[in-house]
2 protein chains.
Amino acid sequence: MASVSAAATVRERLLAAATRLFAERGFESTSVQEIVRAAGVTKGAMYHYFDSKDDLLREIYARVLRLQTDRLNRFADAEGPVAERLHAAAVDVVVTTVENLDDSKIFFRSMHQLAPETYRSVRAERRRYHERFRDLVGEGVRAGVFRDDVPAEMVVDFFFGSVHHLGTWYHPDGPLSGQEVGRHFADLLLASLRPA
Amino acid sequence: MASVSAAATVRERLLAAATRLFAERGFESTSVQEIVRAAGVTKGAMYHYFDSKDDLLREIYARVLRLQTDRLNRFADAEGPVAERLHAAAVDVVVTTVENLDDSKIFFRSMHQLAPETYRSVRAERRRYHERFRDLVGEGVRAGVFRDDVPAEMVVDFFFGSVHHLGTWYHPDGPLSGQEVGRHFADLLLASLRPA
DNA sequence: CGCGCTGGACCGACCAGTCGGTATGCTGAC
DNA sequence: GTCAGCATACCGACTGGTCGGTCCAGCGCG
């Protein structure tokens, strides 16, 4: 097991190692000993920076939520027709997801390992994120450019299911770039929203 | 924790209890002791019917794969236009998934807990299943009723991502029946495949 | 010299799996 | 009909080992 670059701070190295290991074998199947070994430090260092193994997971969630929310807002708040904004946001979600594939593998698989309070706050943040996306769909429906016979909520769950699933089949060194997958996914989403 | 009906065989009760608990808290966070308690039997009984905790998981996978493959084949082999067959198969996949939501929660989350050999065989079976679905899409593309500018493979991954994600948000006692969600999902799929 | 940081021995809890043993019921010889 | 012989079904205390987390000594930078 190669250790993470020694240039980063101990805290960053621990987070990077934990992210990789949690994605690879799951939170419960990764021991603290393995994390600190991969990060090239010891338990003493880890428990200096983090309260617990769960705390490490919590920080991983906090970061991915912040990143995704920031990026979505940038696209949703832009100028232009709603169809274009939704398309651009959809491409970007896919690109962001494949650029941080480990985070995405962890996200849904380890959700239930969070402490109840953290779990609730992550769910709430995720819901706000989905609502932002749903409002974009709703805007298009009201503008008459999207079909109105499928609930916007369901379209969003439909689309994010596909995005979440990327961690299962997408390989960064495969033939498809994140941009390409993103464009295809966004095209499928927009096509499925065309009025009959 | 209520125990499973005593009418079923010990083996069935163990599988039912394990399925529920694995779906609820994950494979690694469920102890054998908890499974046997929920099934109303003892460890001795469990290790009489199963080789290991992993063996229990393997049986759960074998069952869900068999069920899904059987049902898909029934729809793919039917008579009629390819768009209708695909639509019916898509509705049925969703219905089957929400009827066995615990299985679906376990499927992707616990895949990596399987022994390497079992893991490979489950992946292979799952791939055959996807290929069956992909061929249906390909058939429609060749017939000119589906668009040809998105790889069939990706359409399948796109759709099954949404199906897999159901375990995250669908609640059996919510306002939507499996049939309704299935119809919406199938409509979205077919709409996204319409030629431009 | 003081203190943020780190190493590593150590602890108690818990876990999957084992093992010696009991109970129940079927089978076929007489 | 019955009983020896045997297989199946099950029990639950126990074991070897792993895990998350603690603790404290020491190191080196300011």
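Lettering of chains follows the sequences in order, A, B, ..., and the numbering in each one begins at 1. Values below: all heavy atoms of this structure, side chains included; hydrogens, waters and symmetry mates excluded.
- The distance between atom CG of B:L56 and atom C1' of C:dA16, rounded to the nearest whole Å, is 13 Å.
- Among the nucleotides C:dG7, D:dG20, C:dA16, the one closest to the side chain of A:V32 is D:dG20.
- At a threshold of 4.0 angstrom between heavy atoms, the contacts of A:T42 include nucleobase atoms, whether or not backbone atoms are also involved.
- A straight line from CG of A:L57 to P of D:dG21 spans 12 Å, rounded to a whole angstrom.
- When distances are taken from the side chain of B:Y47 to each of D:dG12, D:dG21, C:dA16, the shortest belongs to C:dA16.
- Closest to the side chain of B:S31, out of C:dC15, D:dG21, D:dC19, is C:dC15.
- Atom OH of A:Y49 and atom C1' of D:dG21 are 18 Å apart (whole Å).
- Among the protein residues, B:T30 comes within range of the sugar-phosphate backbone only, with heavy atoms under 4.0 Å from sugar or phosphate atoms but none that close to a base.
- Between the CD1 atom of B:I35 and the P atom of D:dC10 there is a distance of 17 Å, rounded to whole Å.
- The side-chain tip of A:K53 points at the ring of A:F27 from less than 6.0 angstrom away and within 45° of straight on.
- Side-chain contact, B:R25 with A:Q113: no donor N or O sits under 3.5 Å from an acceptor N or O.
- Residues B:S162 and A:S162 have side chains that bring a donor and an acceptor to within less than 3.5 angstrom of each other.
- In this model, no side-chain donor or acceptor of A:K43 finds a partner on the base of C:dG7 within 3.5 Å.
- Summary of the strand contacts: A:G44 and A:S29 both lie near DNA chain D, and taking for each the nucleotide with the nearest heavy atom, the more 5' one is attributed to A:S29.
- When all heavy atoms are compared, the tightest approach of B:L72 to B:A89 is CD1-CB, 4.0 Å.
- The CD atom of A:Q33 sits 11 Å away from the C1' atom of C:dG7 (whole-angstrom rounding).
- Whole-Å rounding puts the A:M46 CE to D:dC19 P distance at 14 Å.
- To the nearest angstrom, C1' of C:dA16 lies 11 Å from CD of B:E28.
- Going from atom CG of B:L14 over to atom C1' of D:dC10 covers 12 Å, rounded to whole Å.
- For B:H48 and D:dA9, the shortest distance from a side-chain N or O to OP1 or OP2 is below 4.0 Å.
- Here the shortest heavy-atom pairing between B:S52 and B:Y47 reads CA-CE2, 3.9 Å.
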